[in-house]
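Side chains are part of it too, since the values below use all heavy atoms of this structure and drop only hydrogens, waters and symmetry mates.
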2 protein chains.
Amino acid sequence: MAYSKREEFTPEEIWIADVAKAISHPARVAILKILSEQNVCMCGDIVELLPLSQSTVSQHLKELKRVGLIKGEIDGPKVCYCIDNEIFNKAKQAVDELFSRVCNC
Amino acid sequence: MAYSKREEFTPEEIWIADVAKAISHPARVAILKILSEQNVCMCGDIVELLPLSQSTVSQHLKELKRVGLIKGEIDGPKVCYCIDNEIFNKAKQAVDELFSRVCNC
DNA sequence: ATGTTCTATCGTATATTTACGATATACAAT
DNA sequence: ATTGTATATCGTAAATATACGATAGAACAT
């Protein structure tokens, strides 16, 4: 009962799936939108804008950081989050490529 | 301990998250690629191309059908799957819109 | 030194996802 | 009628995700 066949797919398929998983929760979509509007943003500000506890928001931020879509820089006691444009752009291109390839339009 | 705060986000955020969840597994990315190459495809063909059992592939197809990215038409004892171009295009646009909004490039 | 503020992590409960084999169903062919 | 083929669904086990409160750690202010 070998578990998780994830590794039996191509690196490209795994990478796209990872990016998609990162944005597969409305809270994380909302976080990306907030960061794009504010450019740079404290974790606490995000918590205030979402109907979730601080620890839950922190977990969502961690998930976005895991694939590299965002990064956090420590600023005294606070942490400033922002989009990691380089990786985000790579993710955008990979997803674009899949969508364009699949779509007949 | 109210569970799942999903419904407290905007319909757009939920829709994007749903689409992303549908493509958040490498097997489903692979299925979309197969369907795009073959245009129309029997379920059994997909099973042969993936390192997964028939029942597992069937579940993945169901997940893609759930959000509408693909549709299956019954053809005798077989089922022919194909991309649902209308919904797929809507999904593409929604994801594009998010990516473009967030990305500084 | 002490307290305050901000964030991450731990512990935990519940829900969902992923995977499979077995079974049921639906149609075609014999 | 029976057999074979194709697919979906059921039952189930293990893994992951989602959510929270409590706690820990780090930096600043007093």
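- Contact check, A/Thr56 against D/dA19: no side-chain N or O comes under 4.0 Å of OP1 or OP2.
- For the segment residues 7-27 of chain A, residues with any heavy atom less than 4.0 angstrom from an atom of DNA chain D are, sorted by number, A/Lys21, A/His25.
- Between the side chain of A/Gln54 and the base of C/dA8, a donor-acceptor pair under 3.5 Å is found.
- Contact check, B/Ser55 against C/dC20: no side-chain N or O comes under 4.0 Å of OP1 or OP2.
- The shortest distance between the side-chain N/O atoms of B/Lys5 and the OP1/OP2 oxygens of D/dC20 is below 4.0 Å.
- At whole-Å resolution of the value, OH in A/Tyr81 and P in C/dA8 are 3 Å apart.
- For the pair A/Glu37 and A/Lys33, the salt-bridge criterion is not met [side-chain N within less than 4.0 Å of a carboxylate O].
- Listed for the B/Ser100 side chain is a donor-acceptor partner under 3.5 Å among the backbone atoms of B/Asp96.
- The aromatic rings of B/Phe99 and A/Phe88 sit tilted relative to each other, their planes meeting at an angle between 30° and 60°.
- One can place CD1 of B/Ile70 at 12 Å from P of D/dT7, the figure rounded to the nearest angstrom.
- As judged by a 4.0 angstrom heavy-atom cut-off over every strand, A/Ile74 is placed among residues making no nucleic acid contact.
- The closest side-chain donor-acceptor pair between B/Ser55 and B/Ser58, if any, does not fall under 3.5 angstrom.
- Using a cutoff of 4.0 Å between basic side-chain nitrogens and carboxylate oxygens, B/Arg6 and B/Asp18 are scored as salt-bridged.
- Look at NZ on A/Lys78: it is 12 Å from P on C/dT5, rounded to the nearest Å.
- With hydrogens and angles left out, the side chain of A/Gln59 and the base of C/dA8 share no donor-acceptor pair within 3.5 Å.
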